[in-house]
Amino acid sequence: MMLNQFLLLAAVLFCIGVYGVLTRRNGVLVLMSVELILNAVNINLVAFGAFRDNVQGDVFAIFVIAVAAAEVGVGLAMVLLMYRNRKSTDFTELDMLKG
Amino acid sequence: MSLLTLAVEAVPKESFATGDVSWLLNNVWLIPTLPALSFLGILFFGKRMPKGGAELGIAAVGAAFLLAILSNVAWMDHRDNYSGPTDAGAAHAEDDHGDEHSEDALGASVVIDGQSEQVELTSSFVEEGGEGGHAAVAVLNERDWFRNGGVDFKVGTLLDGPSVIMLFVVTTISLLVHIYSTDYVAGDRRYTHYFAFLSLFTASMLGYVLSSNILQMIVAWELVGLCSFALIGHWWEEKPNSDAALKAFLTNRVGDIGLLVGMIILFFSAGGTFDVIEINKAVINGEISQTAVTWAAISLTAAVMSKSGQFVLHTWLPDAMAGPTPVSALIHAATLVVAGVFMIARLYPVFYYGFSIPGSSINGLALIGSITVVFGGLLAFVQTDIKRVLAYSTVSQLGYMVLALGVGAWTAAIFHLFTHAFFKAGLFLGSGSVAHSVHSFDMKQDMGGMRKFMPTTFKTFMICSIALAGVFPTAGFWSKDEILVGTGGLGVGAEKANGNYHLMLIMGLVGAMLTGAYMTRCIYLTFFGEFRGHGTPHESGKRITVPLIILSVFAAGAGLLNLPPGFLAGSASSPTGWQERFGHFVEPSAAYFPAISHSVPSWWLAVVASVMGLIGPAIAYWYYFIKVDNLSKETGESLTELPNGLVANNKLAATGHAFLVNKYYLDHLYNDVIVAAVKGPISKAAYWINQNVLDEVVDTAGRTSVKAGEAVYKHIDQGLIEGAVNGSGILSSQSGQGLRKLQTGKVQQYAALLFAGATILAGIFIVLV
Amino acid sequence: MEFFREWGLTAAIFLPLVGVLVMMFIDKKDEAMHKVIALGTSLAIFGIGIVLLFDFDYDRAGEMQWTQQVDWINIIKAEYLIGIDGMSLPLLMLTFLITPLVIIYSWNHFPAPHNPKAFLMLILVLHTGMIGTFVARDLVLFFVFFEVVLLPMFFMIAVWGGEDRKYASLKFFLYTLFGSALMLVSFLALFFLAGGETFSIAGLSDAVAAASEDDFSRNAQLWIFGGMLLGFGIKVPMFPFHTWLPDAHTQAPTQGSVILAAVLLKLGTYGFVRIAIPILPEAAVVWAPWIGLLAVIGIIYGALGCLAQTDMKRLIAFSSVAHMGYVMLGIATLTDWGINAAVFGMVAHGLITGMLFFVAGSIKDRYHTLEIKRLGGLLLQAPRMGWILGFISMASLGLPGLAGFWGEFPAILAAYNPANGLPVGLFRTYMVIAALGTVLAAGYLLWLLQRTAFGTPSEEFIDNPEITDTHREEWLAWTPLLVLILLFGLVPGLIFNVTDPAVEAQISDCLSVDAGSDKANFDVGLCEKEGVEAALANLGVVSTADGE
Amino acid sequence: MIAALTLAQEVLTRSEFTDALPQNIAFAIIAGVMLFSAFKMVTTGNVVHAALYLMIVLAASAAIFILLGSDFVGATQILVYIGAIIVLFLFGIMLTKAQLGDDDSVSSERRGMGALVGVLLFVVIGFALVDTYENIEVEFSDPEPIAFTPTTADVDDLPTPVIEALGLEGRTGEVEITRADFDSLEPEVQRRVPGAEVFGNNKQIADAIFSDYIVPFEATSVLLLAALIGAVVVARKE
C-alpha cells in the first residue's frame, strides 16, 4: 500500500476538523472537531510507524489518545462552566479580551 | 577616543601659516554667542529680572555691537596691512578694482587692545596657491562638527568683507531696536519672550552671516525664519496674526525646497564638501559643469525669492506686518529679508556663472529683481496702512539688490543693502512712533497732521524718506546710482560693466520714480493735513526718538562711505580718501570670488536718475500737497484724496471754457490719467493680481492639499486600504452591524487566522526550500 | 571591568525580568513598592548604560563590543550571541532612557483601570524585549526578543486603552504577528539556503557572500529579502502597511504610545540596517527603488493624512508615517550618508514623537479630549506646556538646530546620489518629493500648533481648574528629552561620529555589489566616495583632485 | 467516460494496488465511511448525531490502525475513545441541555471562511505530501513477531505444511520441535506450529513504553491526574 494514501486521508480528516473548529458555535461540537484533528495526527503517526517499521509511532499515538482524553475532560469541564455562567455554549459569544 | 572627547574633539587638523591677525577676527564666534546666551538667560530667568529680561538682551547685543565695531576696525587693518603667504601675485583680479593696498590712515591707526600681535595657532588663512593667487585675506576658523561617510565636516566662522559689514548692520539695528522696544512694547504680556526672541534672532542672523559652510547657512537660515514666525505671531491670540505667521513660515518653506536642493547639488558637485570657499573655488575653476551650476543657481533663486520677498513669493512680507513694529524694522526690513541677498553674495560664483551674468543682457536673477522693483513700488500706492506701504517699499528695494546682483554689480548690491537697512529701519521705527501715539496704523482714518504733534519723528521720517527716494546727497542716492550704473544699460558706463542690461536700467529708473512718489503720498497722509484720529497725540519718549535720530544720521550720511572714484577728492586713476572705501573693504578679493568688473560711474546717469527720481515725488507732491491740501482747506475737512476725481473732472472737461482754467488739461492728464492710472487701475490691478491670483494660488494650494488629504484619508485610507484588509477576512468586517458584529466570534476568527497564516507560511516555506 | 564587559548587556536584558519576578510576589495593593521597584530596575539598567557609554571604545565603533557568546539551542545552531556597535548604541541608549522616563511620567497618573502592578510589569517585560532586540546578533535570538515585545504592548493597548481599544489592539497584534511570521520564514529559508550552519548575522552574511549561484540563487535572495521587507516594513510602518499605527497610537495609553513611537517602530528600521541589508546586499539593491518609492509615498501620504485629522493624537500618529518615510528613504539609498541619516532619524523621531505623545497625553489628562476643534489657547492656560509643544513641533518639522533636521536633511541629500546600481534619476525625483514633504510637515504641525496653542481657550474650558501647567513628574520625564533634542541638533556629531564607522563596516558589502540589471547608464561608481566621484563625472566635473 | 475507465483500469492494474488488493479495497471502504462521517459530523445540525458520527469516524480510524498492523493502538482507540470519550461527549451534550433535534444555530455563518481555510490547508499539505512521499510504499517486510516455546506434539495434530517443512512425513507419535526446527521454518508456517504465539507488535510497544518512554508515560499519568482534578475544580458548583 502507498504511504500517501494514509497521509492524504489524515490530511483530509485534519482539514475537516479544522473546518469544524472554525465554524461550529456549540462548544461541545468544537471539542469534537478537535478530536478529529487529533485522530488525523494519530493516523499519521501510525502510518509513519508502519513505514519506518518501528513502534515509536504507535507509542506516540497511545500518548496522544491519553492526552486527548485529558483534554476532553478539561475541555468539557470548561464548556460546562461556561454553560453554567452564561446559559449558553456559544463560542461566538465569548469575549476573551474583556478588560 | 572616549565619550568625553567625542563631543569636543575640535583640534584643528591642518595648521596654516600664522600671521598678524587680530585675536578678535579669529574669535568672531563670540559675537553671535553673546545674544544666544542672552536668549537662554532671558528665557529661563527673564521673568525674575527687574526689567523683565530686556536689560540682559540690551547688554548682550550692546556687547556684540562693540565687538562688531572692533572687528570692523580690525578687519580694515587686516585688509590693508595683511601680507599673506601668497601676496606676490595679488594684483591679478584687483586691477579692475582701481585701488590697491593703499596705505591709508583708516586701517593703519588701528590697534585692537594690543592683541593684534599675539595671535597664532588657531588662525588659518585661506591659502591660495592657484594661478594668479590673490592675497587670501578671509579669516577662516573651523572645528569638527560631525563625521559622515568617513569625512569630518566642520563648523566655523568665515570672516571677510560681506560678513564683517553685516555684523555691523545687524548689531547696530538690533541694538537700536532693542532700546526702542523697551518703550514700544512696554507693558506687553509677553515682554520677556519678546526680548528673548529678539536675542535669538540676532544670534541666528549673526551666525548666518559668519557661516563658513552652506550647511551652517541652512541651519541659521531656518532659525531666523523661526524667529520671524514667533515674532510675527507675537500677539497670537488674534487669528489674523497667527495666520500671518504661518503664511510667512510656509511661504519660506516653499522656497526652502529650492534651498535644500540647490545646496545638495552644490555639495555633490563640489566633491562632497559644504565649505563655502571650496564650493566657490570649484565653480570658479570650472570644476563643476555648467548644467549643475545653473540648476543650483535656479534652485537657490527660489529660496531667495521667498526669503527676500521677490516677486511672486513676496506676499508674506506685507502680511508679516502683523508683528510688532520694531520687529518689522529689524527683521522684515533691515536684516532677515536680506538673508537671501546675502546668500547670493556669499555664493556669488554660483550665480555669476550659473546665470551667465557677464556679457549678457538679461538673466533670471536680474529679471526677477527688476520686476520686483516696479511691481512692489506700484503696490505701495494703494495702501492705507502705513506699515504696508513700507513693506511694499521694502519688497521694491530688495528687488534693487537682487537686480544689482543679477547684473554683476556686487558691491552696489551690498552697499544698497547697507544703506537701505538704516533708512528703512528708520522709517519703520518712525511709523511705529506715530502708531504708538495714535494707536493705529491706518493713515487715512487715524493720522494726518502729525508733524505738529511729533516734530522729531517727522524730521527723522523725512530724512529717511529722502534717503529712500534717492535724493542727492543722502545714502540712497549713492547706492541706487551705483546699481543703475552697474547695469551697463543703454551704453551708460558700459565700458566696464558686466553686461548690457538695458531693461534693468529702465526698470530701475521707473522704480526710483515710484519710490519718491509713494513716499510723498505716505508723508502727506501721515504728517500733513489735519489730524483725523481721536485723542491728543504726543511725541514719543527718548528711547524711541534717539534711535530714530541715530538712524536718520546714517540715512543721510552713509552714502559717503562709498563715493565713486573721481568725486570730491582725487581722480579716477588714484582714488583715495572716502572713495570706494566700502567696496575696498567689503568686496572679497580672493580666489573664491569671481573676477567681476566694475563699471565706471557716469555723471550723466546720475543726473538722469536724479531727475527721474524727482519726477515721481513732484507729481505726488502736486497732487497731495497742493490739490488735496487746498481742497481740505476749502472744505474744512482733512481729506486724503480728491473726493471725486474722474467724474468731477469729466464734467469740467465737458465745458470748453475750462480749457485754460485747467491749464490745458495738463492737470487732468497728470491727475486723472497718469496719476490716477498709476494710483488707480494699474496699481490696483497689480494689487488685485497679488491678492486674487498669487495669494489665491497659495491659498488654493493649501485648501486643495487639505481637501486632497481629506479625500485620501476618507476614500483611500479608510476606504480602500482598510477595505482590503478587512475585506480579506483578516479583520472583522465593517458590514454595518456595528459593535456586536465586530465582536462576534473573535476566538474562531483568530483561530481561522492562525490556521490561514500557518498555511500560507508553510506554503511559502515549501516553495522556497 | 572585563567581567562587566562580558555580562553587562546580559544583565541589562534580564534585570527587568528579575524586577518582574520580585513584583509578582508583592501584593497588588502595595503600589508604592511596585513603583519603586520598577523605577529602580529601569534606573539600574540606565546606570549600566551609562557605564557602557563611557567604556565604549569609540575608535572601534565599527566593531562589535561587549560581546558575549553562549551556546543556546545547539540542535538548530542558535546561539545566545549579543554585542553592540556604533549603530545599535544610540538606539540602545534611547531605550535605556525612555523606559525610566515613562515610569516617572506614570508615577501618579496611571491610566484607567489603574492597576500599577500589572502595568509596570508589562513595561518591564517590554523593556527586556526592546533591549534584547537591539543587542541580539543571532537571528533566532533577535526573533525571540522581537516577539517578546508584542504581547505586553498588546495587553497595554487592550486593557489600558481608549474607547476602541479591542479593535486597535487586535489589529496591532495581528498585523505585526503576520509580519513577524513572514520574517521568521525568511530567516529559516536563509538559514537553510546558506548551508544551515549558523544563525549569527555575521556568519550568515559571510555564508551568503560565499554561496554560489547554484546553492543560493539570486531569485531566492530576492524572495527572502521580500519576506523581511514585509516583516520589518509592517513594524516600521511603511506605506501601505501603516494602517495599524494610527489606531494603535490613538487607542493606546500615553505611556504605550510613547514606547511604541520611541522604540518599537525602530525595531523594524533597525532590522533593515542590521539584518536585511548586510546579509543580502544584492537583493537590497534590487528592492531599494521600491523601498524608496514606498518611502516617499509615505512621506507625502502621511503628511496629507495629518492635514485631514481632527484628533491630535491621530495626527501625531500619521506624522510618524511621514517621518519614518524619511528614515526608509535614507535606508533605500544604501549609502552611508543615507543610513547614518536613518539611524539619526530613528533616534530623533524617538525623542521628538515620544515627546509629542507625552504632551498629547498630558493635554488629554487636562481637557479630556484631543479634538483639535475644541482645543485652543494652551499657551494662555498652560504656557509652559504650550512652549514645549511649540518647541517639539519645530523639532518635528525638521527645523535645523534641533534633532529632527539631522534625520531628514542627510536622507534627502543621500537620495541625490544613491548607491551603485540604483537608478539615479529616480532617486533624485524622490529627493524633490521628500523635500516637498518638509513643506507639508511644516503645514500640518504649525496648523496643529496654531489651533491648539494659539488663540484663546474655548468657552467650555475657560476657568476649568483641572487645566494646570506642567507638573513635577512631567518636568522630570520631559527635561532629558528636551535637552537631548536640542543637544543632538546642535552637536550632531554625538550620533553621527558613533554611527558612521559602524555603518561603513556594515555597508561596505554593498560596495562590492555587482551592478544590478536595472543599472542606469550614467551611474558608474560605488556606494561612497566613488559614488560622489561618479556623480561628479556625471555632472561633467573635470577634476576632483583637489576636492579635499 | 472512456477516459475514466482507462484511468480506473490503469490504477487498478498498478502493482502497488494489485499487490495488496484486499487491503486496498478495505482501505477504500474504511476511508469512504470515515470521510463521509467526518463531513457529516461537522455539518449536521443535530448535536447527538454529530457525536454518533464522531463515533463512526473513530471506529474507522481504529480500523485503519489495524489495517496498518497496529492492533494494540486500534484496540486502545476503541476502548478509550468509543468507550469513554464519546460517552463523555454525550454527557456534555446532555448537561449543557443542547437541543436534541436539528438546530441550525450550532454552526456559525462564517462557513465560507472555514471552508476556505480548510481547502487551502489541504492544498498545501497535499502538495507537500505528494511532493515528498510520491511512490513510497508501506512495506510489511518484517513478519509479525512470533513467540515460541519448545514443545512436543503429536504428528497427527500437526498441520500438513509443518509436517512437510520439517520432513516429518510418515512419522507418527510424539516429536520434539526444537528452537532450531522452528527457526528453519517460513514465517507463514511458523505460526501454525503448536507453542507458537502471534503477538502482533504488542510486546514491542510494551517494551518501548516501559523502558524508553517511561518518563513520558509517568508524565502522562500525572497529566491525567491533573486533568481529572482540574476538571473537577473547574466544573464544580460553587
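All chains are named by letter (A, B, ...) in the order of the sequence lines, taking the proteins before the strands, and each is independently numbered beginning at 1. Keep in mind that the numbers below use all heavy atoms, side chains included, and drop hydrogens, waters and symmetry copies.
Contact of the C/Val439 side chain with the B/Asp256 side chain is not registered, since no non-hydrogen atoms from C-beta on lie closer than 4.5 Å. At a threshold of 4.5 Å between non-hydrogen side-chain atoms, the residues C/Leu397 and B/Phe249 count as touching.
Residues C/Trp387 and B/Phe44 place their aromatic rings such that the two centres sit no closer than 6.0 Å.
Residue B/Leu43 touches chain C through its side chain alone, counting heavy-atom pairs closer than 4.5 Å. Residue contact with chain C, scored on non-hydrogen atoms closer than 4.5 Å, is absent for B/Ile760.
Nearest approach of C/Gly398 to B/Arg253, heavy atoms of both residues: O-NH2, 3.7 Å. When every heavy atom of C/Pro400 is checked against every heavy atom of B/Ile218, the shortest pair comes out as CG-O, 3.9 Å. Shown here for B/Glu222 and C/Leu399, the closest heavy-atom pair between the two residues is O-CD1, 3.8 Å. Here the shortest heavy-atom pairing between C/Leu413 and B/Phe268 reads O-CE1, 3.2 Å.
Ring-plane geometry between B/Phe267 and C/Trp337 is classed as perpendicular, the angle between the planes exceeding 60 degrees on a 0 to 90 degree scale with a lower cut at 30.
With chain B as the partner, the residue from C/Val432, C/Leu379, C/Leu436 showing the most heavy-atom pairs under 4.5 Å is C/Leu379.
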- Task: Would you please test B/Trp145 and C/Phe496 for ring-ring contact (aromatic ring centres under 6.0 Å, His included) and show each step?
- Result: CA-CA 10 Å; B/Trp145 196 10; C/Phe496 278 139; 9.5 Å; no
- Task: Show your reasoning for whether side-chain hydrogen bond (donor to acceptor under 3.5 Å, both in side chains) applies to C/Gln450 and B/Ser242.
- Result: CA-CA 7 Å; C/Gln450 184 190 26; B/Ser242 56; 2.9 Å; yes
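Under a cut-off of 6.0 angstrom, the local environment of CH2 in B/Trp235 is crowded, with over 12 non-hydrogen atoms contributed by other residues, nucleotides or ligands.
Contacts of B/His193 classified as side chain to side chain donor-acceptor pair (under 3.5 Å), with partners at least two apart in sequence or in another chain: none.
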